[in-house]
Amino acid sequence: SWSIHSCAASTCASMTCSVPKEVWAVIPVFNEAETVGGVLARARAAGLGCLVVDDGSSDHSAEVSKQAGADVVIRHPTNRGYAAALGSGLRAAGAQPGCRWVVSLDSDGQLDPVEAMNLVREGEAAGVALAVGVRPRPARISERFAAALLGGLVGLRDPLCGLKGY
């Protein structure tokens, strides 16, 4: 069963789904009604629990998410930004019964949910608490530069990749 909740930071952790899942996808959305349904279909097919955080959209992103099978939909009444939406989602997903991993997926469909599950498997095998994906090639020159600089500092090949497992 799913529900749409308005979210204050203190209440997100109390939102739970009735079907226990071990791996949850957090999908922050802002005016992504056209793409979020496809992302949810792929995530559900990959076996992920799906939690959408609608960050104050003015379109029908929350309703489309519900219709597309999101297990939980959280709605921020106003746009608070990607970091706040991701934070709300991580707190709520981590509170789901049986949750062992949470992955972040973008609502534009660029990240593959199957790769998210592979990332979780690799993270589990390595015994790590954070797994970061690696894109075949960062899209922009600035991303390649930042990846080289930050990657050297923190030991990650692609620290800016949006695919992460927590």
Side-chain angles (χ1 to χ4, degrees), residues 1-30 32 35-37 39-57 61-135 154-156 158-166:
S1 68
W2 74 272
S3 57
I4 295 179
H5 301 275
S6 291
C7 181
S10 61
T11 63
C12 285
S14 66
M15 300 171 200
T16 60
C17 173
S18 60
V19 180
K21 295 183 173 104
E22 289 191 354
V23 184
W24 282 80
V26 170
I27 307 166
V29 300
F30 180 68
E32 296 286 352
T35 58
V36 71
V39 172
L40 283 163
R42 291 171 50 215
R44 289 171 49 84
L48 295 163
C50 296
L51 189 147
V52 172
V53 181
D54 181 352
D55 193 30
S57 296
S61 293
E63 292 79 9
V64 169
S65 297
K66 170 205 151 206
Q67 293 168 355
D71 296 293
V72 177
V73 177
I74 297 169
R75 180 148 173 55
H76 290 172
T78 59
N79 182 266
R80 295 169 42 197
Y82 181 81
L86 184 60
S88 294
L90 289 173
R91 282 188 298 279
Q96 299 301 316
C99 178
R100 293 177 41 132
W101 280 86
V102 180
V103 295
S104 53
L105 293 178
D106 293 337
S107 57
D108 60 7
Q110 290 186 21
L111 300 174
D112 184 355
V114 172
E115 288 300 315
M117 290 299 284
N118 291 338
L119 185 70
V120 166
R121 284 186 202 93
E122 290 178 27
E124 288 253 325
V128 299
L130 173 66
V132 180
V134 177
R135 296 172 285 184
V154 297
L156 296 173
D158 190 2
L160 301 178
C161 181
L163 180 59
K164 294 180 175 68
Y166 309 87

- Message: Quick one, E22 and V120 - any side-chain contact, counting heavy atoms below 4.5 Å?
- Response: no
- Message: Test of understanding: with side chain to side chain contact (heavy atoms under 4.5 Å, CB included), list the residues that count as partners of Y166, not counting sequence neighbours.
- Response: L86, L90, S104, L130, K164
- Query: Where is the tightest heavy-atom contact between S61 and V29, given as atom of each residue plus distance?
  - Reply: CB-CG2, 3.9 Å
- Item | Partners passing side chain to side chain donor-acceptor pair (under 3.5 Å) against T35 (at least two apart in sequence or in another chain) | E32
- Which residues satisfy the side chain to side chain donor-acceptor pair (under 3.5 Å) test with S107, sequence neighbours excluded? none
- Message: With side-chain contact (heavy atoms from CB on, under 4.5 Å) as the test, pick out the partner of V26 among L105, V102, V103.
- Response: V102
- Message: Show the nearest heavy-atom pair for residues H76 and S88, with the distance to one decimal.
- Response: NE2-OG, 2.8 Å
- Message: I'd like to know if the side chain of R75 reaches the main chain of A62, judged simply by a donor and an acceptor atom lying under 3.5 Å from each other, with no hydrogens or angles considered.
- Response: no
- Item | Non-neighbouring partners of D112 that pass salt bridge (charged side-chain N to carboxylate O under 4.0 Å, His left out), sequence neighbours left out | R42
- Query: Hey, what do you get for NZ (K21) to CG (D71), rounding to the nearest 0.5 Å?
  - Reply: 3.5 Å
- Item | Heavy-atom closest contact (L119 atom, G165 atom, distance) | CD2-N, 3.7 Å
- Looking at residues at least two apart in the chain, or sitting in another chain, which of them share a side chain to side chain contact (heavy atoms under 4.5 Å, CB included) with L40? I27, V36, C50, V52, S65, A68, A70
- Can any side-chain N or O of D55 pair as donor or acceptor with the backbone N or O of F30 at less than 3.5 Å? no
- Message: Applying side chain to side chain donor-acceptor pair (under 3.5 Å), can you list everything that pairs with E124, at least two apart in sequence or on another chain?
- Response: R100, W101
